[in-house]
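So the structure is just underneath, and the comments pick up after that.
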Number of protein chains: 2
Amino acid sequence: MIPSLRQLTFLIALADELHFSNAAKRCNVTQSTLSAGLKELESILGVTLAERSKRSVIMTPIGRKIVEQARKIMTDTQHLVETAALEAEAMAGDMHLGVIPTVGPFLLPRLRPLLRDEHPRLRLYLREELTDQLLEGLRSGRLDVALIALPHDVGDLETLELFEDGYHLVAPLDHELACKSLADGTMLKNEPLMLLERGHCLQQHALSAFPGLLNKDVEFDATSLATLLAMVEEGLGSTLIPNVAIDAGLTKAHDVVEIDLPTSLPRKITLVWRKSSTRKDDFRALGDLIIKARESLRIG
Amino acid sequence: MIPSLRQLTFLIALADELHFSNAAKRCNVTQSTLSAGLKELESILGVTLAERSKRSVIMTPIGRKIVEQARKIMTDTQHLVETAALEAEAMAGDMHLGVIPTVGPFLLPRLRPLLRDEHPRLRLYLREELTDQLLEGLRSGRLDVALIALPHDVGDLETLELFEDGYHLVAPLDHELACKSLADGTMLKNEPLMLLERGHCLQQHALSAFPGLLNKDVEFDATSLATLLAMVEEGLGSTLIPNVAIDAGLTKAHDVVEIDLPTSLPRKITLVWRKSSTRKDDFRALGDLIIKARESLRIG
DNA sequence: CGTTTTAATCGAAAAAAACGATAACTGACA
DNA sequence: TGTCAGTTATCGTTTTTTTCGATTAAAACG
């Protein structure tokens, strides 16, 4: 048998007041209720917490000790309630956002200051993972919302498309296409094209956009876009870089050329969450901010 | 409105089981009870803790966070119960003992090992204070029990006399009484007698035993028996030292003579506690041990 | 397209809590 | 010493809360 919080409240009030009637008043109950409650608490604990005569109430040493522990429990409980209350506010409390590595590092540095300014009470926890892991995270409840690139099977999750993001072909400076501003799939046929390691949506999108590449042995195990660019710079081949990364200045640090692609690949940057989620308004507000962040990238 | 521990229990069980019926079984309630309990908890907190479909239950991130806090609250509560249970055992848990300075330092070093051996689960907290402060401490509940010397007004407190303790007159080596083995009040008439500062029962007892001293200006502000002995050694006068202190070897370190007194002063070492106290058996057991400790002093 | 599984809901029953009144006791004061 | 004021414990009743069992609704699975 364990005591109830109510009983602990009674005990604390009594320890403060050293007077049953006053303590009862503080708890908004009658004296008899508090008296019975304390008696039951003592019976549960098996110790005398307060020795009372008709004229005075004194706490026993063990009573004091229990009171201190009870106070801690009560403040912890209060803290728990406050944690929840913060969460219940719009754009406040904790939010766990997952992002894909080909978008996160470029967009989120711009998102942070926007959030700090407009929603200072929101604590955004970030996790950078591959799309499938993010979706699993959503379904397991580990994440509240994720930023991914469609097309991709999202099951019964709810989606909010934010914007379309294309690619540029990025090639070595001395590349045969360097002077041209267009490229198409056929041109890439004989191109040593390098992509990210398996699992990245970027690779899947590229392969579906240029089916001809499927037969080629293009599976470099690059783990990041920066690695890819370094390899391009070395003249090992070309690669595809999403526009957000280019807008964010990723290619500026490398001696490479960016070549427009004729067909805009369908790559839709999208927020995803569970249908059963209760914070959809927050997610939509977050989506607006992400769009803002992306626009600030393109302008500045 | 604050949640109940019961609701937190439900939440924790659900977080562990991720299944309402199983969680309910663990809590020994029906599924409907747990379902309603969790719903009310969510309503109190204003957040969704678990998103449930007909097929699965997942905890939300805020749900997990709340669960962690709830776990802490529950273990703290469990700890509180255990604290009380320990106290409820015989000779276990905390006991706050107050002692007078003319007895404590000599008797208690012998008591400690006895306690450790016979009642290892008892934690004895000691406070050394003057008799009146000890009695106040008892009445306020700061102390459970006190070791004092009677006669002294103890009001309606309950007492347990342990043993009688007398005095010796302690004088400088070259004292006129040094060769004699007896002394009485009249002999002390012209003696420069030094006692402890006002408040010590030792002083009161001496003054009542030798009324003739009352008119003399004997109020040195000695704060400890060791100080008194040092002054005796310097030849500044004589003093009275209780037998427990002599048995404990206090005088061995000083060049002084101990002189038997003809009348055994009525000084009864006594345990005192509140009539309303619930641990009287413990106090009596403690009393037995203190007697043992004293006997070990006289033998060894 | 049933069958099974599972959470929510509903009304009744049971349990617990709270209340108001009163008793029992204490200390103070005349 | 007797009375009064103040305080906690207790008791029976009322009110509130909790729990249960049965049912419903919805989803997954074969």
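Below, read A as the first sequence line, B as the second, and so on, with proteins coming before strands; counting in each chain starts at 1.
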>> Walk me through whether A:Met74 and B:Ile2 qualify under side-chain contact (heavy atoms from CB on, under 4.5 Å).
In response: CA-CA 10 Å; A:Met74 291 309 297; B:Ile2 68 166; 3.8 Å; yes
> Which is it for B:Ser277 and B:Asp144 under the side-chain contact (heavy atoms from CB on, under 4.5 Å) test, yes or no, and what are the steps along the way?
Replying inline: CA-CA 8 Å; B:Ser277 182; B:Asp144 294 304; 5.9 Å; no
> Should A:Arg71 and A:Glu68 be marked as a salt bridge (Lys or Arg N to Asp or Glu O under 4.0 Å) after you check the CA-CA gap, both sets of side-chain angles, and the distance that decides it?
Replying inline: CA-CA 5 Å; A:Arg71 276 190 215 280; A:Glu68 286 323 300; 3.5 Å; yes
>> Show, in sequence, the C-alpha distance, side-chain angles and deciding distance for B:Asp76 and B:Lys72, and conclude whether the salt bridge (Lys or Arg N to Asp or Glu O under 4.0 Å) test is met.
In response: CA-CA 6 Å; B:Asp76 282 353; B:Lys72 186 163 175 321; 3.4 Å; yes
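Axis angle between the ends of the helix from C:dC1-D:dG30 to C:dA30-D:dT1, five pairs each and rounded to 10 degrees, works out to 20°.
Remark: B:Lys280 NZ is packed, more than 12 non-hydrogen atoms of other residues, nucleotides or ligands lying under 6.0 Å away.
Annotation: of the two residues near DNA chain C, B:Ser56 and A:Gln31, the 5′-most nearest-nucleotide partner is B:Ser56.
Atom CG of A:Leu115 and atom CG of A:Leu286 lie 6.5 Å apart (nearest 0.5 Å). One finds the CD atom of B:Glu42 at 4.5 Å from the CG atom of B:Leu49 (value rounded to the nearest 0.5 Å). Here B:Leu80 contributes atom CG and A:Leu11 contributes atom CG; the two are 8.5 Å apart, rounded to the nearest 0.5 Å.
Taking atom NZ on A:Lys25 and atom P on D:dT7, their separation rounds to 10 Å, with Å as the unit. The CZ-C1' distance, from A:Arg139 to D:dA28, rounds to 15 Å in whole Å. The distance between atom CE of B:Met1 and atom P of D:dT16, rounded to the nearest whole Å, is 14 Å. Across the protein-nucleic acid pair, A:Glu17 atom CD and D:dT8 atom P stand 11 Å apart, rounded to whole Å. In this structure, A:Arg52 places its CZ atom 9 Å from P of D:dT10, rounding to the nearest Å. Distance, A:Leu18 CG to D:dT7 P: 13 Å, rounded to whole Å.
In this view, A:Thr159 satisfies the side-chain hydrogen bond (donor to acceptor under 3.5 Å, both in side chains) rule with no residue, not counting sequence neighbours. A:Arg6 meets the side-chain hydrogen bond (donor to acceptor under 3.5 Å, both in side chains) test with no other residue; sequence neighbours excluded.
Ring orientation note: the planes of A:His96 and A:Tyr125 are close to parallel, at an angle under 30° on the 30°/60° scale.
Using a 4.0 Å heavy-atom cutoff across all strands shown, B:Ser21 reaches sugar-phosphate atoms only and no base atom.
Taking the 5' to 3' direction, DNA chain C first and last meets chain A under 4.0 angstrom from a heavy atom at C:dA17 to C:dG27.
Counting heavy atoms from C-beta outward, A:Val57 and A:His19 have side chains that stay 4.5 Å or more apart.
Using a 3.5 Å distance cut-off with no hydrogens or angles, the side chains of B:Thr102 and B:Arg267 do pair a donor with an acceptor.
Of all the residues in residues 33-42 of chain A, A:Ser35, A:Lys39 reach under 4.0 Å from DNA chain D with at least one non-hydrogen atom. Interface residues of residues 2-9 of chain A facing DNA chain D, ordered by number: none; criterion, heavy-atom separation under 4.0 Å.
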